[in-house]
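In the text below, chain A, chain B and the rest are named by the order of the sequence lines, each starting its count at 1. All values below were derived from every heavy atom in this structure, side-chain atoms included, with hydrogens, water molecules and symmetry-related copies excluded. What you see is a predicted model, and the numbers here were worked out from it, not measured in a lab.
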Amino acid sequence: MIPEATKARFVREVAKYPADQRQSAVMACLAIVQQDLGHVSVESEREVADYLGMPPMAVHEVTTFYNMYNQQPVGRFKLNVCTNLPCQLRGGAHALEHLARRLGVEVGGTTADGLFTLQACECLGACADAPVMLVNDRSMCSFMSDEKLDQLVEGLRAAEGQA
Amino acid sequence: MNVRQVLDQFRAQGLETCFHGRHIEPQIYAGLDGRNWHLKDYEARGGYQALRKILGKDGGPGMTPEEVIAEVKESALRGRGGAGFPTGLKWSFMPRQFPGQKYLVCNSDEGEPGTCKDRDILSYNPHIVIEGMAIAAYAMGIGVGYNYIHGEIFQVYERFEEALEEARAAGYLGDHILGSGFSFQLHAHHGFGAYICGEETALLESLEGKKGQPRFKPPFPASFGLYGKPTTINNTETFAAVPWIIRHGGKAYLECGKPNNGGTKIFSLVGDVERPGNYEVPMGTPFAKVLELAGGVRGGRALKAVIPGGSSAPVLPAEIMLGCTMDYDSISKAGSMLGSGAVIVMDDTRCMVKSLQRLSYFYMHESCGQCTPCREGTGWLWRVVDRIENGQGRPSDMDLLDNVAENIMGRTICALGDAAAMPVRAMLKHFRAEFEYHIEHRSCMVPAYV
């Protein structure tokens, strides 16, 4: 079930579009669901569909088309490291490998404690900041040297009380 | 520290990319420091004067919509998103008398690899985009607009929403702007990870809450756009150029660039340069000068190649690039395109096969799957380049790559197919020997690469 507090956040998004175009808010609503619940389940898709007056399949098309929606649960922190060419020229792939070693996971995997999921990703639109990465879809981290990556991992562990 | 505080330590501050003081005659990035993005700061820089001017709220007579469009036409402002289409001409395509809503859309879905200029505009000068959009809406008689922002820069989307609130509260957006008869509602919309949504009709589909699959054109958005209504879509930087044009005149804008290439342009210098970042310079500035602003090639190494307009633009070897000026016509004459203004610099340690392998993977990953030549062809291109890179290439692969690329180009609904094929053809044209060496020796001819 999508909590009422989460649904309350939909209102502001739906208000941006004409009354007969509620479907336009689907991307924002799914992003809110993901932020509050960690991923977008088929059950959540159905509830969003009901809320916006869309066929559930139309919502599922959106979830599956856009790269950033998590269709499965991920770790507490999802780390996306850009490996596209401009980043590759400035250590993007190295940053990804460093995190994989540091966390002891394969790219695409989640740490045993459920704290981190590590993924490669395509262009984040911050190429001059390379190596660059995104944490939980919403926080971009720039100029991520090995030292800063270590600091990030330790900082997040400490913030979750698992240092 | 809580999670937010931890993450904030790594948030870009713009010092390296925007506030380095190495722009030349900047208009959009002028006077920014990262803290002065608020409405009152923008007003102190002369912001919203252009909107006041056209509405006759600066003591002057105001401007008619036709006069605004004529000014933009004279400026020779061309679309900054990649296609370089004349902005004033695009605006004149909108039907004047249309019963019902028309829409204005800003394309801030900045995902062309190498490009990060719109992010800095929206982060550090969001009101310039709001003012530019309001002026455009007035010129075309539009009542509602959306700014579609790349989902990956979510913090920038949040910043833009804050700026919208400020503009509404000050009467620059909403009903009866500044007490005039002109009303314009503007909202922010975010993407969530799909390169294809930078294509204007895919963006419209996405804005309607669907998969971002491009539409067949015609009909063009000016007649059938968002929700089937007349719509104009421009890039963020294009809108950001408009207030300056209205305040100083189209002629002055044209004169600060070169004929047919008005104004300043922001270039994102990325890859093997000493100081990666955005550099705003007059159109027609020599490439060598822009490279120098970015501190030259990293580590003082020799320049090997440049992709001058985002990853979809054909690569150019150093000797050709060093003879170019940075404007639509010069780069086009050299066989590439200015595109989004992302300049991907590669030094003499770079392997072109490995570079193309990464780009081809990207286009395969981002193909929306709608057109067979692109859906199948991008995967085919990647598989062939990948096997060459991994020492499994066959002599016939050279012709195969060319053939597959040729059969994608011009055979798809949108430009993603061409964008995947062009880098392949340009790499084979300019760096053929490297590919042949890889196939023959099953190893790289560049001694040390990443």
**OP:** Supply the atom-to-atom distance B/Gln9 CD to A/Ser142 OG, rounded to the nearest 0.5 angstrom.
**Re:** 13.0 Å

Subject >> Sidechain-backbone polar pair: B/Arg11 side chain, A/Ser139 backbone, donor-acceptor under 3.5 Å >> reply: no

Original post:
With only heavy atoms counted, which part of A/Gln151 is less than 4.5 Å from chain B, the side chain, the backbone, both or neither?
Top reply: both

Original post:
Checking side-chain contact (heavy atoms from CB on, under 4.5 Å) for the pair A/Gln35/B/Phe154: CA distance, chi angles, key distance, verdict?
Top reply: CA-CA 12 Å; A/Gln35 189 185 26; B/Phe154 210 91; over 6 Å; no

Original post:
By a 4.5 Å heavy-atom criterion (distance strictly below it), what part of B/Gln185 contacts chain A: side chain, backbone, both, or neither?
Top reply: neither

**OP:** Below 4.5 Å from any heavy atom of chain A, which atoms of B/Arg275 appear? Answer side chain, backbone, both or neither.
**Re:** neither

Original post:
With only heavy atoms counted, which part of B/Glu161 is less than 4.5 Å from chain A, the side chain, the backbone, both or neither?
Top reply: side chain

Original post:
For the residue pair B/His189 and A/Tyr17, is the inter-centroid distance of their aromatic rings smaller than 6.0 Å?
Top reply: yes

Subject >> Engaged part of A/Ala126 at the chain B interface, taking heavy atoms whose separation is under 4.5 Å >> reply: both

**OP:** Return the minimal non-hydrogen interatomic distance between B/Arg358 and A/Asn84, and the atom names on each side.
**Re:** NH2-N, 3.4 Å

**OP:** Please report the shortest heavy-atom distance between A/Leu134 and B/Glu152, naming the atom on each side.
**Re:** CD1-O, 3.4 Å

Original post:
What closest approach, in Å, do A/Tyr66 and B/Lys211 show between heavy atoms, and which atom pair accounts for it?
Top reply: OH-C, 3.7 Å

Original post:
Does the pair B/Ile307 and A/Leu85 meet the rule for a side-chain contact (heavy atoms from CB on, under 4.5 Å), with working shown?
Top reply: CA-CA 11 Å; B/Ile307 304 177; A/Leu85 180 61; 4.0 Å; yes

**OP:** Give a yes or no on whether the backbone of B/Gly193 and the side-chain of A/Tyr69 come within a donor-acceptor separation of less than 3.5 Å.
**Re:** no

**OP:** Let me know if B/Ser311 has heavy atoms under 4.5 Å from chain A in its side chain, its backbone, both or neither.
**Re:** neither

Original post:
Taking all non-hydrogen atoms of both residues, which atom of B/Met346 and which atom of A/Leu89 are closest, and how far apart?
Top reply: CG-CD1, 3.8 Å

Original post:
Is chain A contacted by the side chain of B/Gln101, its backbone, both, or neither, given a heavy-atom distance below 4.5 Å?
Top reply: neither

Subject >> Engaged part of B/Glu366 at the chain A interface, taking heavy atoms whose separation is under 4.5 Å >> reply: side chain

Original post:
So, does B/Tyr146 use its side chain to make a donor-acceptor pair with the main chain of A/Lys16 at under 3.5 Å?
Top reply: yes

Original post:
Which atoms form the tightest heavy-atom contact between A/Ala128 and B/Val270, and what is the distance?
Top reply: N-CG1, 3.8 Å

Subject >> Side chain, backbone, both or neither of B/Val144 within contact of chain A (heavy atoms, under 4.5 Å) >> reply: neither

**OP:** Go through the steps to decide whether A/Leu124 and B/Ile153 satisfy the test side-chain contact (heavy atoms from CB on, under 4.5 Å), and finish with yes or no.
**Re:** CA-CA 7 Å; A/Leu124 298 173; B/Ile153 50 172; over 6 Å; no

Original post:
Around atom CD of B/Gln5, are there more than 12 heavy atoms of other residues, nucleotides or ligands at under 6.0 Å?
Top reply: yes

Subject >> Residue A/Cys82 versus chain B: region with a heavy atom under 4.5 Å >> reply: neither

Original post:
Which pair of non-hydrogen atoms, one from A/Cys127 and one from B/Pro113, has the smallest distance, and what is that distance?
Top reply: SG-C, 4.2 Å

Subject >> Flag, side chain of A/Glu122 to backbone of B/Phe362, donor-acceptor distance under 3.5 Å >> reply: no

Original post:
Quick one: what part of B/Glu16 sits under 4.5 Å from any heavy atom of chain A, side chain, backbone, both or neither?
Top reply: side chain

Original post:
Which bit of B/His365 is near chain A, if near means a heavy-atom gap under 4.5 Å: side chain, backbone, both or neither?
Top reply: side chain

Original post:
Can A/Phe65 and B/Ile196 be said to form a side-chain contact (heavy atoms from CB on, under 4.5 Å), step by step?
Top reply: CA-CA 11 Å; A/Phe65 187 84; B/Ile196 191 62; 3.8 Å; yes

Original post:
Side chain, backbone, both or neither: which part of A/Thr64 has an atom under 4.5 Å from a heavy atom of chain B?
Top reply: neither

Original post:
By a 4.5 Å heavy-atom criterion (distance strictly below it), what part of A/Met133 contacts chain B: side chain, backbone, both, or neither?
Top reply: neither

Original post:
Checking A/Gln23 side chain against B/Gly209 main chain: does a donor-acceptor pair fall under 3.5 Å?
Top reply: yes

Original post:
Heavy-atom distance under 4.5 Å to chain A: side chain of B/Cys368, backbone, both or neither?
Top reply: both

